[in-house]
Novice: 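Sharing a structure, written as structure tokens. Questions coming.
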There are 2 protein chains.
Amino acid sequence: MVTGLLEGTWKGGDRLTEAEAVERFGVSRTPVREALLELAGLGLVELRRNCGAVFAPFGPQEVKDLYAVRTLLEVEAARLAATRLDRDWLFQSLAAFERMREQNAADAGWREDRKLHAAIADASGNRRLAAEIGRYGDIVQLMREIVGARTLGDIHSTTVNEHLAILHAIQRREPEAAAAAMRNHLEQAAESASLAAEARRRKISG
Amino acid sequence: MVTGLLEGTWKGGDRLTEAEAVERFGVSRTPVREALLELAGLGLVELRRNCGAVFAPFGPQEVKDLYAVRTLLEVEAARLAATRLDRDWLFQSLAAFERMREQNAADAGWREDRKLHAAIADASGNRRLAAEIGRYGDIVQLMREIVGARTLGDIHSTTVNEHLAILHAIQRREPEAAAAAMRNHLEQAAESASLAAEARRRKISG
DNA sequence: TCAAGCTGGATTGTATACAATCACGCAAAT
DNA sequence: ATTTGCGTGATTGTATACAATCCAGCTTGA
């Protein structure tokens with residue numbers, strides 16, 4: 001439902017009333033309203049009363065802004081995780097990482113990627129920080145739906161190496177190295193996502 | 001409605017079903033559900049299906065975690081605002097600041113405080129960052145309802161000086177100084193809020 | 001011509017009835 | 001004694017009807 005609302009080639013500022021969504025999806029207004037409220041909470045639509053929900057713009061600039069915030073959160077989490085190193089945690093994370101490396105299937109790879117990021121977030125010891133990181137995981141996943149998952153389908157071998165660098169820095173109890181590794185990882189991801197958003201922009205306007 | 005749900009002396013883990021909320025507030029389930037969804041989006045309750053909504057714990061530790069995330073966001077916004085200084089913006093902000101200094105009434109003071117933080121967030125140039133900072137403003141305001149607004153009612157003169165330090169650092173185009181000033185400001189606020197949460201904890205358990 | 005007020009349509013906010021799902025307790029079998 | 005299965009009540013998910021609100025366009029008066 002939530003992801004369905006975002007499908008299609010809407011442009012920033014496009015309006016969608018509840019009645020239109022009802023007609024398009026064949027469900028009643030109640031779940032439509034709840035889905036719109038959820039999207040509004042994630043910052044992807046703006047609810048204006050009696051005017052319909054307006055989609056937020058979602059081009060390269062918005063992707064960059066999104067990743068800038070996500071980077072703030074996750075870099076801090078990596079720094080904290082390296083500071084409060086937990087050996088049991090590290091052992092399990094390395095095992096999960098090996099499983100991820102073996103799975104080249106795109107979907108499974110992304111699932112393991114999210115698990116790793118979530119594990120680092122939990123290891124920060126700040127539950128709200130971890131919750132926000134999870135929320136941004138949701139937003140990024142919706143973004144993949146928006147800009148087209150195909151473009152971002154594969155976990156590259158470089159991505160695997162970036163993950164390994166983060167875990168090793170945490171293992172060595174080097175907070176700044178862990179932060180830098182996480183920053184680098186997310187900058188790569190931001191670059192890739194921004195390019196995909198640019199491609200989508202051209203496809204829509206052309 | 002949203003703030004009403006949070007009133008009272010619930011402890012972390014307390015459950016509230018929709019039916020109970022309906023009975024307590026005299027409205028139907030629909031607005032109750034929407035309010036609970038909103039609170040869940042802000043991370044203040046956890047929705048478990050067929051088990052009622054469980055309140056998140058909200059003691060000193062949670063307040064510290066909350067302010068740690070808020071500090072991450074706002075410190076970065078102050079840094080960016082100092083980097084991309086806009087003189088018109090600064091002029092208006094200083095004027096608003098003077099108005100704030102003159103208003104000692106608690107409510108008006110907090111309103112101007114939020115306006116100042118929002119202005120700095122906007123000046124960062126990152127709209128999503130600004131949106132998240134606004135969201136944390138909402139969360140902190142709800143927190144004041146939870147821990148008791150009286151305890152945090154006044155804008156102290158020290159707070160005014162902290163604001164002034166931030167604006168002056170931005171005016172001097174010194175990003176790191178602006179970041180440090182913002183960090184200091186929020187650390188003071190976090191300390192005050194944490195003490196209030198501790199007082200509430202004792203009142204509830206005692 | 002312009003502005004103020006009003007009316008009709010559209011859109012959202014709320015209430016309520018019904019369907020689906022799940023948790024809890026009890027009983028029975030191993 | 002532990003576990004497995006089922007049944008019932010409780011709780012949430014969905015549909016739909018109705019009330020409130022708002023926007024646009026027209027009319028009417030100066």
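Keep in mind that the numbers below use all heavy atoms, side chains included, and drop hydrogens, waters and symmetry copies. Letters A, B, ... are given to chains in the order of the sequence lines, protein chains preceding strands, and every chain is numbered from 1.
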Novice: Between which nucleotides of DNA chain C, read 5' to 3', does contact with chain A run, using atoms under 4.0 Å from its heavy atoms?
Specialist: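 For DNA chain C, the relevant span reads dT11(C) to dT14(C).
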Novice: Quick check against the 3.5 Å criterion: does Ser124(A) have a side-chain atom that pairs as donor or acceptor with the backbone of Ile120(A)?
Specialist: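 Not confirmed, Ser124(A) side chain does not pair with Ile120(A) backbone.
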Novice: Please work out which residues in residues 30-46 of chain B have a non-hydrogen atom less than 4.0 Å from an atom of DNA chain D and list them by number.
Specialist: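 Within residues 30-46 of chain B, the residues near DNA chain D are Arg33(B).
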Novice: Should the pair Glu132(B)-Arg70(A) be classified as a salt bridge under the 4.0 Å nitrogen-to-oxygen rule?
Specialist: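 Result for this pair is no, no salt bridge flagged.
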Novice: Without placing hydrogens or testing angles, list every side-chain donor-acceptor pair under 3.5 Å for residues 10-17 of chain B, not counting sequence neighbours.
Specialist:
from	atom 1	to	atom 2	distance (Å)
Trp10(B)	NE1	Leu6(B)	O	2.8
Asp14(B)	OD2	Lys11(B)	N	2.7
Thr17(B)	OG1	Glu20(B)	N	3.3
Thr17(B)	OG1	Glu20(B)	OE1	3.3

Novice: Please confirm whether His185(B) and His117(B) have ring centers closer than 6.0 angstrom.
Specialist: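 Ring centroids of His185(B) and His117(B) are less than 6.0 Å from each other.
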Novice: Could you identify which residues of residues 14-25 of chain B place a heavy atom less than 4.0 Å from some atom of DNA chain D, listed by residue number, or say none?
Specialist: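 Going residue by residue through residues 14-25 of chain B, the ones with a heavy atom under 4.0 Å of DNA chain D turn out to be Thr17(B), Glu18(B).
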Novice: Could you pull out all donor-acceptor pairs under 3.5 Å where a side-chain atom in residues 36-64 of chain B meets a protein atom, sequence neighbours excluded?
Specialist:
from	atom 1	to	atom 2	distance (Å)
Gln61(B)	NE2	Asp65(B)	OD1	3.1
Glu62(B)	OE1	Gly59(B)	N	2.9

Novice: Nearest nucleotide by nearest heavy atom, which residue falls closer to the 5' end of DNA chain D, Ser28(A) or Arg49(A)?
Specialist: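 First, find each residue's nearest nucleotide; the 5'-ward one identifies Ser28(A).
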Novice: Starting at the 5' end of DNA chain D, which residue's closest nucleotide do you reach first, Gly26(A) or Cys51(B)?
Specialist: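 Taking each residue's closest nucleotide, the earlier one in sequence belongs to Cys51(B).
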Novice: Closest nucleotide of DNA chain C for Val27(B) versus for Arg48(A): which of these residues is on the 5' side?
Specialist: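 The 5'-side residue here is Arg48(A).
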Novice: If I take atom OG1 from residue Thr9(B) and atom CZ from residue Arg200(B), how far apart are they, to the nearest 0.5 angstrom?
Specialist: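 The OG1 atom of Thr9(B) sits 7.0 Å away from the CZ atom of Arg200(B).
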Novice: Strictly distance-based, threshold 3.5 Å: is any side-chain N or O of Ser194(B) a donor or acceptor partner for the main-chain N or O of Ala190(B)?
Specialist: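 Answer holds: no.
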Novice: Taking only residues two or more places apart in sequence or in another chain, which ones pass side chain to side chain donor-acceptor pair (under 3.5 Å) with Arg183(A)?
Specialist: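 Arg183(A) satisfies side chain to side chain donor-acceptor pair (under 3.5 Å) with no residue once adjacent residues are dropped.
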Novice: Whether Lys115(A) and Asp122(A) form a salt bridge (side-chain N of Lys/Arg under 4.0 Å from carboxylate O of Asp/Glu) is what I want to check.
Specialist: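 Here Asp122(A) does not pair with Lys115(A) in a salt bridge, since their nearest N and O are not under 4.0 Å apart.
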Novice: Between Arg29(B) (side chain only) and Glu18(B) (backbone N and O only), is there a donor and an acceptor less than 3.5 Å apart?
Specialist: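 Absent.
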